[in-house]
Amino acid sequence: METMKHEPVDHHTSYEHAEGIGHEHLMNMDEQEIPEKSHQHKMGGHMMHMGNLKKKFWISLMLAVPIIILSPMMGIDLPFQLHFPGSDWVVLVLASVLFFYGGKPFLRGAVMEIKDKSPAMMTLISMGITVAYLYSLYAFIYNHIPGLTNHKMDFFWELATLIVIMLLGHWIEMNAVGNAGNALQKMAELLPGMAHLVLSEEKTEDVPLKEIRIDQQVLVKPGEKIPVDGSIISGSTSVNESMVTGEARRVRKEKGDKVIGGSINEDGMIVVKVTGTGESGYLAQVVKLVSRAQQEKSAAESFSDKVAKALFYVALSVGVIAFIIWLWLSQDLNTALERMVTVFVIACPHALGLAIPLVIARSTSLGASHGLLLRNRKVLETTKKISVITMDKTGTLTEGIFQVSDVRTFSSHYTENDILTIAGALESGSNHPLSAGILHEIKKQELVIPKAEGIRQISGVGLSGVVNQKKVMIVNENYLKKNHLSYDKDGTIPAGETGDSVSYLLVDDQVVGRIAQSDRIKPDSQAVIHELKKKGIHPVMLTGDNETAANGVARELNIDEVYAAMLPEDKEVMIEKYRKQGKVVMMVGDGVNDAPALVRADIGIAIGAGTDVAIDAADVVLVKSNPSDILHFLSLAGNTNRKMIQNLWWGAGYNIIAIPLAAGILAPIGIMLSPAVGAVLMSVSTVVVAANALTLQMK
């Protein structure tokens, strides 16, 4: 998680009249209100139309089993099949129910694809089941007309198996990838539902947050979430902005300071004048960034969709051509029609429907066992093209935990241990991350902390108190400059260069020493950067931290390109800039402020220890929060992608031979692919696809 500029609200004034998600939508957003394609992004293709796939699959399977038992496979009676008087009527009724119930999601998906002028898997499946059903209905009626002896073959068996297999495939994929959470909803949950509206100096009223307007005043009590963007007009406090900005430490806020809706008011009661709510609020802007990026990203077409689209056009073209040619040659409408339908049915992607889901199921299982959660399978096809990886700093490359890196004394009367223990006496009453770093160092060295009295927090400066009957203060460098206190400036250079946070110890208004603390770099970060470079992937640091801290970490990790003090929209713009240059970008982050960038990137990876918002905005989650898992993901993705391509060839490859043969291209030399042989080829390809998926391994 990263720190951002301490007054980010100033950057949002230009959004006050922007169109987008209003505050009431931010607070009451449900699944139906999420942009349609953001679900496609999460679930893949048109799975959003599938409804309860588990229930639909089992009901469809119950309908399909009698059809499979009572009807022949492409005109061939199988050993287990039964017939009795009226069995064909049973098949007709069950097949009709199955077509309209089990086939409904595919038909709806096909309508959407056609509206988008991009026919793909749903259109191909719909063409197959619709042709199979309508022709079978025609064959049933024809076969029941008295006096006709030329029996017509129906395709009820193929209809039933295709619908069930396709539902199974989509269920497997959805179950493997998991129901992706809603990053937008998680952002909305950062805000409270009610606010204390100030009516007068003595009176407040609790009102729904959506009723709060700009320029009104709200009271925020200690421990409560700040409901709006605004400026403090009364009181002072410390604010925890980590859930919103990624700021790893508490920020002291005084009268006139800006606050962000969604951050937590720690220890003081404040009155805030509202400057941003609804469409102009900070979180609303981040929501719009995420939503917009999701919609644009979801437009990416997967390789399987491209294969299905090509197969659709091939089958449609060959089928129509076959119909015309056979009608001309045979002068028999029934012969031409049967040949066209055979082409369409053989083109039905039984194996293609399982080709990707089975690999995804195996891949997600392997990934989960290694701490990698895959949330969007489309990115697996993108990994081989990655040229740039943009990375958050705090919490991603560093631990986000401060530790003492250097202690220096400026006085002969005090040792370095004295500097530590006196500072520790004041810090023992604080829960600030910098305090924790000093106290941890004292405990590690087994030093004794003297007793401090009258400890007081100095807003925006540090702490003061009495230790060993002397006035003691811990302050920042700005305090020294403001009060014209002399200190060893040369002694601060090493810490400043590495981006350490530096605290100065004053005894009786004399600077006697300083303590520098650094955010520890994760053990594997350096090796990961090295390996990424070896793979030809250019690492870039995008951080909300100050430039000095960012450059210090970048130097240690050998990252050449660094952008500091970045807001959420800055990170998103930077990623879009790379993408416009034709580069494929991976983003790794863990904070709310990373969410727009995670969605905008071609691949978004969230560190598991980060916020729910970042996790839900990402395509992949690294559960162990270990940077080395980035390399593990690249390895798994590469292997998975190879298996998917292999399965697509097996799943659709037989059509290269089967479709022309079904159309009768070799009929002049006496070779004609019978429906039965086509069915066997179809079954073999399905078995091969399943077996190949199970051989996927994570190296």
Side-chain angles (χ1 to χ4, degrees), residues 31-32 34-53 56-57 60 98-135 158-159 162-174 177 180 294-320 340-341 343-357 360 376-382 644-645 647-648 651-652 655 659:
E31 186 175 358
Q32 281 68 42
I34 307 305
E36 191 172 73
K37 288 199 173 183
S38 71
H39 279 289
Q40 292 178 37
H41 159 63
K42 292 291 185 184
M43 308 310 291
H46 295 275
M47 290 187 198
M48 56 173 288
H49 291 300
M50 293 299 169
N52 189 332
L53 274 179
K56 192 174 288 290
F57 166 74
S60 297
L98 180 59
F99 174 72
F100 290 106
Y101 174 74
K104 182 178 179 181
F106 303 110
L107 298 172
R108 291 181 61 192
V111 170
M112 184 173 177
E113 287 181 348
I114 292 171
K115 284 183 178 179
D116 291 341
K117 298 179 180 179
S118 182
M121 181 68 79
M122 298 297 121
T123 310
L124 182 59
I125 296 170
S126 296
M127 181 180 71
I129 64 175
T130 301
V131 169
Y133 177 71
L134 293 179
Y135 183 81
E158 291 69 34
L159 171 71
L162 180 59
I163 289 177
V164 169
I165 286 177
M166 288 304 162
L167 287 174
L168 176 62
H170 283 80
W171 178 28
I172 288 173
E173 183 172 356
M174 288 185 68
V177 175
Q294 280 182 338
Q295 292 182 59
E296 293 180 13
K297 185 174 183 178
S298 70
E301 193 173 40
S302 68
F303 185 60
S304 59
D305 283 338
K306 293 177 182 177
V307 171
K309 179 186 290 187
L311 190 55
F312 167 76
Y313 284 120
V314 168
L316 182 63
S317 301
V318 174
V320 171
M340 180 182 71
V341 172
V343 170
F344 288 157
V345 174
I346 282 180
C348 290
H350 283 74
L352 193 60
L354 291 175
I356 299 302
I360 295 300
N376 177 15
R377 66 134 171 123
K378 287 185 180 180
V379 299
L380 292 168
E381 302 168 16
T382 310
M644 287 195 298
I645 292 175
N647 268 9
L648 285 173
N655 284 292
I659 289 178

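Quick note: numbers below take in every heavy atom, side chains included, and nothing from hydrogens, waters or symmetry partners.
Contact record, F312 with M127: CE1-SD, 3.7 Å, taken as the closest heavy-atom pair. Taking both residues in full, the closest heavy atoms of K56 and P105 are given as CD-CG, 3.8 Å, listed atom of the first, atom of the second, then distance.
How far OG of S60 is from CG of L167: 5.0 Å, rounded to the nearest 0.5 Å. The structure places CD1 of I163 at 13.5 Å from NZ of K104, a figure rounded to the nearest 0.5 Å. In this structure, CD1 on I114 lies 5.0 Å from OG1 on T123, to the nearest 0.5 angstrom.
Between the side chain of S126 and the backbone N or O of F106 there is at least one donor-acceptor pair closer than 3.5 Å.
Not counting sequence neighbours, the partners of V320 by the side chain to side chain contact (heavy atoms under 4.5 Å, CB included) test are L316, I324. Y133 meets the side-chain hydrogen bond (donor to acceptor under 3.5 Å, both in side chains) test with S96; sequence neighbours excluded.
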Legend entry - Steps toward side-chain contact (heavy atoms from CB on, under 4.5 Å) verdict (L107, F99): CA-CA 10 Å; L107 298 172; F99 174 72; 4.1 Å; yes
